[in-house]
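What follows is one structure encoded as structure tokens, with my remarks underneath.
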Amino acid sequence: MSGPTDAESSDSDAEAADSPGTVYLVGSGPGDPELLTVKAKRLLESADVVLHDKLPGPEIIGLIPEEKREDVGKRAGGERTSQADINARLVELAREGKTVVRLKGGDSFVFGRGGEEAQHLAANGIPFEYVPGITSAIAGPGVAGIPVTHRDHASSVSFVTGHEDPTKDESSVNWDALAATGGTIVVLMGVGKLPDYTQALRDAGMDPETPVALVERATWEDMRVATGTLDTIVDVRDAAGIEPPAITVIGDVAGTREEVLHFLR
Ligand code: SAH
């Protein structure tokens, strides 16, 4: 285990502990507190400090004693804390000997920047543990009655960010290739650019009648689901006023929701 180097420890503050505390990169699951892992719940209770943003949802954030909470995702009113500042804060707290939970919605390693945080912690000699969470990429469709794979409908699933502009040359999501897989496409952060990537998929030859579902605030008390097709889903989104956080599920699996809906609790 490599500790801080002399150069690093010389500029640490007077409170620096002999050995750094551990940082737990904890996934909170999609929002229902009963979907926290037993381990996540224990760590939330035992940590000295919990750095979080809004995505874990009001119910889970409400479980954290107020004096332990550090909201690093403030937007309304305050600025959003930069990733560099969050990284630095994790190291600072750990060097004070604190047990730190970095709580992320879903799973920290699925579009959660947990990988960057792990690299930063390792580079600074801070021990960390990854605690998996239930990702909204699977649970979001699931609680809407949509399995991301199905023997009759999809033998692969892709998780992609909808945040990028599909018309940009440097877009790292290859929508043409995704359209060609015939598998399920699950888009995270995909409410705003829904018109762009549904167009990109149609341009790539995907059937405009392909079922699409939007699952907003999956497992939260005020969860909503809206369904349509590749052709209609933008209008459906607008009519329903769907807002982030929401998952977009594209593929034949989305059509199976109708069959199970009546018995879905
Ligand atoms: N690490 C998270 C994803 C973070 S990216 C995970 O594994 O779930 C943020 C995106 O996640 C949101 O824009 C939305 O697309 C999705 N998301 C997270 N929680 C959600 C929820 N409860 N309901 C619907 N979408 C959710």
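In each ligand, atom 1 is the first atom listed, and ligand 1 is the first ligand listed.
The side chain of Leu55, and not its backbone, has at least one atom closer than 4.0 Å to an atom of ligand 1 (non-hydrogen atoms only; side chain from C-beta on).
Using a 4.0 Å cut-off between a side-chain N of Lys or Arg and a carboxylate O of Asp or Glu, Glu70 and Arg89 qualify as a salt bridge. The existence of a salt bridge linking Glu45 and Lys41 is confirmed by a sub-4.0 Å separation between a basic side-chain nitrogen and an acidic carboxylate oxygen.
The closest approach between Gly140 and ligand 1 stays at or above 4.0 Å for every heavy atom of the residue. Using a 4.0 Å heavy-atom cutoff, Lys104 is absent from the residues neighbouring ligand 1.
Considering Val50, Asn87, Ile86, Leu121 as possible partners of Arg102, the one that fulfils the side-chain contact (heavy atoms from CB on, under 4.5 Å) test is Ile86.
Considering backbone and side-chain atoms alike, Gly112 places every N or O at 3.5 Å or more from each N or O of ligand 1. Not one N or O of Glu216 is nearer than 3.5 Å to an N or O of ligand 1, by distance alone. Between Pro244 and ligand 1, a contact under 3.5 Å exists for no N or O pair. Taking any N or O of Ala246, backbone or side chain, at least one lies under 3.5 Å from an N or O belonging to ligand 1. For Trp220, a nitrogen or oxygen atom sits less than 3.5 Å from a nitrogen or oxygen atom of ligand 1, counting backbone and side chain alike. Considering backbone and side-chain N/O of Gly190, none are found under 3.5 Å from N/O of ligand 1.
Given atom 22 (N) of ligand 1, the protein heavy atom at minimum distance is Pro30 O, 2.8 Å. Among protein heavy atoms, the minimum distance from atom 20 (C) of ligand 1 is reached at Ser136 CB, 3.6 Å. In this structure, the protein non-hydrogen atom closest to atom 7 (O) of ligand 1 is Thr135 OG1, 2.7 Å.
Contact atoms of ligand 1 toward Arg217: 22 (N), 23 (N), 24 (C) (distance under 4.0 Å to a heavy atom of the residue). Annotation for ligand 1: atoms under 4.0 Å from non-hydrogen atoms of Val215 are 24 (C).
With Pro56, Pro141, Ala218 as candidates, the residue nearest to atom 23 (N) of ligand 1 on a non-hydrogen basis is Ala218.
More than 12 heavy atoms of other residues, nucleotides or ligands lie within 6.0 Å of NZ in Lys68, so this atom counts as buried by the packing criterion.
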Worked check of side-chain hydrogen bond (donor to acceptor under 3.5 Å, both in side chains) between Glu164 and Ser172: CA-CA 8 Å; Glu164 296 192 353; Ser172 50; 2.9 Å; yes
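Residues Arg257 and Val225 form a side-chain contact, since some pair of their non-hydrogen atoms from C-beta on lies under 4.5 Å apart.
Leu25 and Leu43 sit in two unconnected hydrophobic clusters of ILVMFWY residues. Membership requires side-chain heavy atoms under 4.5 Å apart, directly or through other members.
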